[in-house]
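Reviewing the structure listed below.
So that the names make sense, note that chain A is the first sequence line, chain B the second, and so on, each numbered from 1.
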Amino acid sequence: RPFVQDATLAGFDWGSYLEKSGLLAAPVSCFRHVPLCAQWEDVYVGLKVEVLNTHTALPSKVYWIATVVQLAGYKALLRYEGFEDDDRHDLWCNLGTADVHPIGWCAVNNKPLVPPQEVHQQDWKSYLMERLVGAHTIPVDFHVKMADSLRCPFRQGVRVEVVDRSQVSRTRLAVVDTVIGGRLRLLYEDAGLGPSGEVLSDFWCHMQSPLVHHVGWSETVDHSIKETDTNVNMGSHPAFRRVHQNSVPDQFKKLRTVYMGATFFKEGMKIEAIDPLNLGNICVASVRKVLLDGYIMVGIDGVEIGDGSDWFCYHASSHAILPVGYCENNDIPLTVPPGYDQATFTWPVYLEETGAVAAPQRLFNTDDVGHGFTSGMKLEAVDLMEPRLVCVATVRRCVGRLLLLHFDGWEPEFDQWVDCQSPEIYPVGWCEITGYQLQPPIGPE
Amino acid sequence: AAESSGRKWEQKQVQIKTLEGEFSVTMWASDDKK
């Protein structure tokens with residue numbers, strides 16, 4: 001990516017962006033790993049809230065009652081009571097931020113409700129009684145739940161094993177430097193420091209990412225790990241000054257248990273797999289090595305260097321490995337090995353030519369989980385090739401549990417396939433809640 | 001009370017305090033099931 005921007009500074013506003021595009025945002029309930037996912041079915045159009053009144057000349061902060069007229073991720077389009085059908089003063093507000101409260105909050109906190117100066121009503125009591133009696137408001141513990149779900153078991157100084165971005169077939173020891181909304185900035189222990197003390201190589205991922213593991217994981221599953229170069233001194237960086245604490249298995253998401261008996265994946269079996277270095281491509285691939293605990297190393301056919309350094313580790317339950325024929329069955333272009341023509345490639349011929357067998361279909365996790373995403377929905381998504389960036393994105397296709405994400409304003413070659421339960425996708429408004437920088441769309445809207 | 005997963009909706013009296021005075025209304029509010 002040629003440049004990095006801050007959506008807020010760039011003047012990007014989700015509300016007006018959605019209104020212009022006429023598209024919907026994916027609901028919070030689609031994202032199981034995000035704050036308030038479980039509570040979101042109690043949030044819907046018609047709810048009443050107390051919200052900061054921006055239509056007043058009063059010098060102090062005052063509030064007024066509003067109704068949710070539209071939802072977009074964490075964002076709600078609100079209409080102040082009294083405006084009736086007049087939508088000219090509607091405002092987009094993030095329900096996860098502090099200035100939206102359940103009805104009754106102002107009275108408890110001794111803050112008077114003051115109507116917008118544009119609305120005139122003879123008898124506010126009767127009017128509000130009529131509007132509020134029998135209506136619903138947001139849960140009393142809404143913000144408490146939000147704060148609870150933003151707690152993270154990781155803090156600066158915790159050591160982990162994470163994929164080595166310079167050689168994806170191995171892991172590397174890293175230390176947590178920053179945590180924002182469950183996303184970890186990890187500093188490789190021997191990355192080295194630049195002239196200004198900056199770390200020369202880091203990695204961002206969500207704490208539930210399949211790329212990050214507890215210390216000792218690599219040895220446990222027989223995965224290659226880079227030996228830390230002890231000649232590199234990182235001691236002057238804040239993340240390395242304190243005593244480090246090794247992460248433990250309980251701090252990580254448990255993966256689905258897979259049975260690794262005689263019928264498990266075997267070396268040489270052919271599969272289709274998302275290319276870890278070109279995430280918009282699903283390629284002809286091979287199982288290169290079977291590790292322990294359900295993990296396998298996968299190579300992309302025809303483009304491997306030959307020394308195994310470009311193999312990638314996937315768990316057998318991963319969405320990123322697919323049975324032979326998956327692309328054809330789902331009308332997805334299969335990326336074939338160099339020398340083959342996509343139009344004439346067939347699996348039976350290829351298997352015969354390579355003397356290989358296809359991995360049995362039952363070994364794959366292709367459960368239909370009923371995720372709720374549909375094409376056209378907007379969201380905030382990590383660019384997995386530059387994982388510090390969370391970008392404005394659109395679901396371009398849904399195929400089973402896979403989503404093809406398009407980054408708004410970018411060429412389709414940047415599109416990426418992700419699992420519907422990936423921890424690297426977030427509802428509209430997530431960056432605003434967590435304080436993470438959002439990358440706006442590039443180019444003219 | 002009307003129930004949704006993990007939570008329940010209950011009718012509650014909530015206070016409204018405007019510049020003209022204070023009054024209470026009955027609304028639906030949800031809370032964790034205990």
Side-chain angles (χ1 to χ4, degrees), chain A residues 29 36-44 46-50 53 56 58 60 62-65 67 81-82 101-117 119-142 144-145 148, chain B:
Chain A
S29 49
L36 297 182
C37 174
Q39 284 77 36
W40 211 255
E41 66 179 46
D42 294 339
V43 176
Y44 48 81
L47 281 184
K48 308 286 184 186
V49 293
E50 292 178 350
N53 179 2
T56 173
L58 293 172
S60 58
V62 293
Y63 294 80
W64 187 236
I65 294 165
T67 306
E81 288 302 336
H101 304 281
I103 302 295
W105 179 86
C106 281
V108 169
N109 290 280
N110 204 27
K111 296 178 190 297
L113 289 161
V114 178
Q117 55 193 6
V119 287
H120 302 283
Q121 186 64 237
Q122 295 294 329
D123 184 357
W124 275 116
K125 181 180 174 183
S126 300
Y127 181 81
L128 290 177
M129 289 282 276
E130 191 185 314
R131 303 283 297 174
L132 296 179
V133 170
H136 289 64
T137 189
I138 56 171
V140 175
D141 57 353
F142 199 70
V144 174
K145 291 278 185 217
D148 285 351
Chain B
E3 296 200 353
S4 59
S5 66
R7 303 176 70 84
K8 65 179 177 184
W9 286 97
E10 283 183 334
Q11 285 204 305
K12 288 186 177 176
Q13 287 278 326
V14 294
Q15 285 297 111
I16 305 293
K17 185 180 178 184
T18 68
L19 293 175
E20 285 93 34
E22 205 165 329
F23 58 96
S24 66
V25 293
T26 307
M27 294 190 73
W28 289 96
S30 82
D31 209 342
D32 273 339
K33 282 181 191 167
K34 299 291 181 208

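Both the backbone and the side chain of B/Gln15 come within less than 4.5 Å of a heavy atom of chain A. Interface remark: A/Pro112 contributes backbone and side-chain atoms alike to the contact with chain B (heavy atom separation under 4.5 Å).
A 6.0 Å sphere centred on NZ of A/Lys125 holds no more than 12 heavy atoms belonging to other residues, nucleotides or ligands. Other residues, nucleotides and ligands contribute over 12 non-hydrogen atoms within 6.0 Å of the CD atom of B/Gln13.
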**OP:** For side chain to side chain contact (heavy atoms under 4.5 Å, CB included), just list the numbers for B/Met27 and A/Lys48, CA-CA rounded to whole Å, side-chain angles, deciding distance to a tenth of an Å, and then say yes or no.
**Re:** CA-CA 10 Å; B/Met27 294 190 73; A/Lys48 308 286 184 186; 4.0 Å; yes

Subject >> Residues B/Phe23, A/Leu128; criterion side chain to side chain contact (heavy atoms under 4.5 Å, CB included); working and verdict >> reply: CA-CA 10 Å; B/Phe23 58 96; A/Leu128 290 177; 4.0 Å; yes

**OP:** Could you check A/Thr137 against B/Lys12 for side chain to side chain contact (heavy atoms under 4.5 Å, CB included), going step by step and ending with a plain yes or no?
**Re:** CA-CA 10 Å; A/Thr137 189; B/Lys12 288 186 177 176; over 6 Å; no

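Ring geometry, B/Trp28 versus A/His136: the interplanar angle falls under 30°, so the pair is classed parallel (tilted spans 30 to 60°).
B/Ile16 and A/Leu132 get closest at one heavy-atom pair: CD1-CD1, 3.7 Å. Across every non-hydrogen atom of A/Met129 and B/Ser24, the tightest pair is SD-O, 3.7 Å.
At a threshold of 4.5 Å between non-hydrogen side-chain atoms, the residues B/Trp9 and A/Asp42 count as touching.
A distance of 8.5 Å separates CD1 in A/Ile65 from OG1 in B/Thr18, rounded to the nearest 0.5 Å.
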